[in-house]
2 protein chains.
Amino acid sequence: MTLQARPSETAPSALIAAMDTLATTRLFGRDEEVYAQGAPVEHLYRLVRGVVRTTRLTADGRRQVGDFYYAGDLLGLEVGPDHQFSAEALTDCEVQVVRRGAVRAFAGDAAMDRAILEGIRRELERAQAHVMLLGRRSAREKVAAFLKSMAEGCAGARGGPQPVEMPMGRQDMADYLGLTIETVSRMLTQLQDEAVVEFPAVRRFQVKKWDRLEALAA
Amino acid sequence: MTLQARPSETAPSALIAAMDTLATTRLFGRDEEVYAQGAPVEHLYRLVRGVVRTTRLTADGRRQVGDFYYAGDLLGLEVGPDHQFSAEALTDCEVQVVRRGAVRAFAGDAAMDRAILEGIRRELERAQAHVMLLGRRSAREKVAAFLKSMAEGCAGARGGPQPVEMPMGRQDMADYLGLTIETVSRMLTQLQDEAVVEFPAVRRFQVKKWDRLEALAA
DNA sequence: CGGTTAATTGAACGCATTCAACACGAGTGG
DNA sequence: CCACTCGTGTTGAATGCGTTCAATTAACCG
């Protein structure tokens with residue numbers, strides 16, 4: 001019953017070593033902000049414990065969730081001089097924080113570049129998968145794909161009877177998938193009625209028919 | 001009346017130099033494939049002339065356009081071992097092609113890493129913008145945002161009376177925006193009826209009310 | 001227990017899609 | 001030059017999916 005969604009995506013070891021030495025560990029409570037949208041990009045963050053979401057607010061108040069981050073993930077790897085997204089703790093979090101310049105001086109420019117490259121690479125993978133998810137899928141498929149990725153991330157949930165924990169609420173799911181909470185809720189009950197998944201609690205589920213789920217998530 | 005959408009996004013100079021020396025130039029006709037979805041990532045491409053689109057086909061035949069690339073852009077900067085998207089020439093194209101290993105040997109690993117980093121960085125920017133576009137926008141807003149980005153890319157179309165050329169057809173627009181061609185068409189005529197833009201030809205337009213367009217693209 | 005927030009469910013609406021017909025333009029051959 | 005065709009784009013009408021608004025239920029916490 002771990003909250004680790006992607007099993008063992010460890011950052012490059014040189015960077016980890018540098019961060020373990022240089023970084024200060026900070027704790028964030030639920031819904032606390034790790035960094036703000038629009039703030040200058042100065043630090044590098046590594047999530048040690050807990051779950052973080054990145055969100056972006058448009059001028060007219062609509063919210064888009066960028067992604068969810070789990071223990072081991074690197075945060076704050078954005079491209080421009082300012083953060084395009086803000087990062088907020090979904091659960092209580094433990095985060096290593098370090099100035100970019102510090103780790104650069106410690107680990108060397110080349111190692112730093114390689115580490116950043118690796119991190120950005122993963123960001124790109126996420127973003128591209130997100131585009132595919134948002135582009136041409138029905139609400140049903142979006143929700144199914146979301147559940148599938150949650151279940152895949154949870155180590156050993158594939159065949160085992162252990163349930164998958166969802167750290168995020170319905171609103172976060174909706175804002176990630178580009179849907180309303182009502183639609184998300186309807187699709188979840190629909191999938192449950194068809195016995196594809198089962199929810200013993202609001203934020204805990206178990207995949208019952210993996211093949212059906214995969215077919216839906218396409 | 002250039003087809004260059006992003007004005008002067010030149011790749012890192014070290015890489016350009018390497019490619020000018022090492023790359024072989026290839027020509028692609030309209031709708032020819034530069035590389036295929038699923039093919040191993042072996043080469044690096046630089047678009048010298050023309051326009052390229054990247055597309056991804058899902059198992060059930062739905063198509064998502066990843067992005068459009070213009071002269072000066074780097075192509076084939078994908079993350080995994082295989083191409084997630086295929087790249088096709090939208091117009092007749094001139095492309096520099098080089099094996100990744102060759103440029104690595106020529107320019108050095110560090111320079112290569114930095115160049116790749118810069119390229120992936122831009123890919124990430126595009127993908128993130130694409131997510132925002134697909135997530136929580138109406139058809140009207142999507143189309144407006146698309147026209148806006150086209151117009152911004154076309155050098156000096158801002159105030160000038162010169163029209164913007166659109167190299168892609170309606171189907172490509174639709175598959176980029178996650179809409180149907182009919183909806184795209186309807187939104188275009190709608191925007192034209194409101195005199196926000198004007199289409200003297202199917203693939204040529206002029207922005208008439210820039211403030212209205214920007215407000216819509218939000 | 002109440003009090004509060006989050007999630008579900010219902011009904012009506014509206015936006016985008018679907019299916020179909022039509023218009024337009026470019027290219028070709030009579 | 002016109003007729004014909006084919007591909008592409010536009011327009012219309014009807015359907016349906018997801019939203020919106022509203023009410024209800026469930027979960028959480030004092």
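Note that the structure is predicted; figures quoted are calculated from it, not measured. Throughout, a chain's letter reflects where its sequence line sits, starting with A, and its residues are numbered from 1.
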A:G76 versus A:Y45, closest heavy-atom pair with distance: CA-CD1, 4.1 Å
Gap between atoms CD and P, on B:Q192 and D:dG9 respectively (whole Å): 15 Å
Atom of A:L22, atom of A:V103 and distance for their closest heavy-atom approach: CD1-CA, 3.7 Å
A:I120 CD1 to B:L124 CG distance, which is reported to the nearest 0.5 Å: 5.5 Å
For DNA chain D, the residues among residues 56-63 of chain B that have a non-hydrogen atom under 4.0 Å from it: none
Atom-to-atom span, CG of B:D193 to P of D:dT10 - whole angstrom: 12 Å
Angle between terminal axes - the helix from C:dC1-D:dG30 to C:dG30-D:dC1, 5 pairs each end, rounded to 10°: 30°
Sequence-aligned protein contact record of nucleotides 5-15 of chain C, with B where the base is within under 4.0 Å of a protein heavy atom and S where only the sugar-phosphate is: --SBBBB----
Worked verdict on B:R49 versus B:D92 for salt bridge (Lys or Arg N to Asp or Glu O under 4.0 Å): CA-CA 8 Å; B:R49 186 177 46 82; B:D92 289 356; over 6 Å; no
Distance test, side-chain N/O of A:T180 to OP1/OP2 of D:dT19, below 4.0 Å: yes
Rounded distance in Å - CZ (A:R140) to P (D:dG16): 17 Å
Nearest-nucleotide comparison on DNA chain D, the residue closer to the 5′ end among A:P200 and A:R137: A:R137
Between D:dG9 (P) and B:M166 (CE): distance, integer Å: 9 Å
A:L177 CG to D:dG18 C1', straight-line distance once rounded to whole Å: 13 Å
Separation between CG of A:L147 and CG of A:L216, rounded to the nearest 0.5 Å: 10.0 Å
Distance in angstrom units between A:R204 CZ and D:dA26 P, rounded: 18 Å
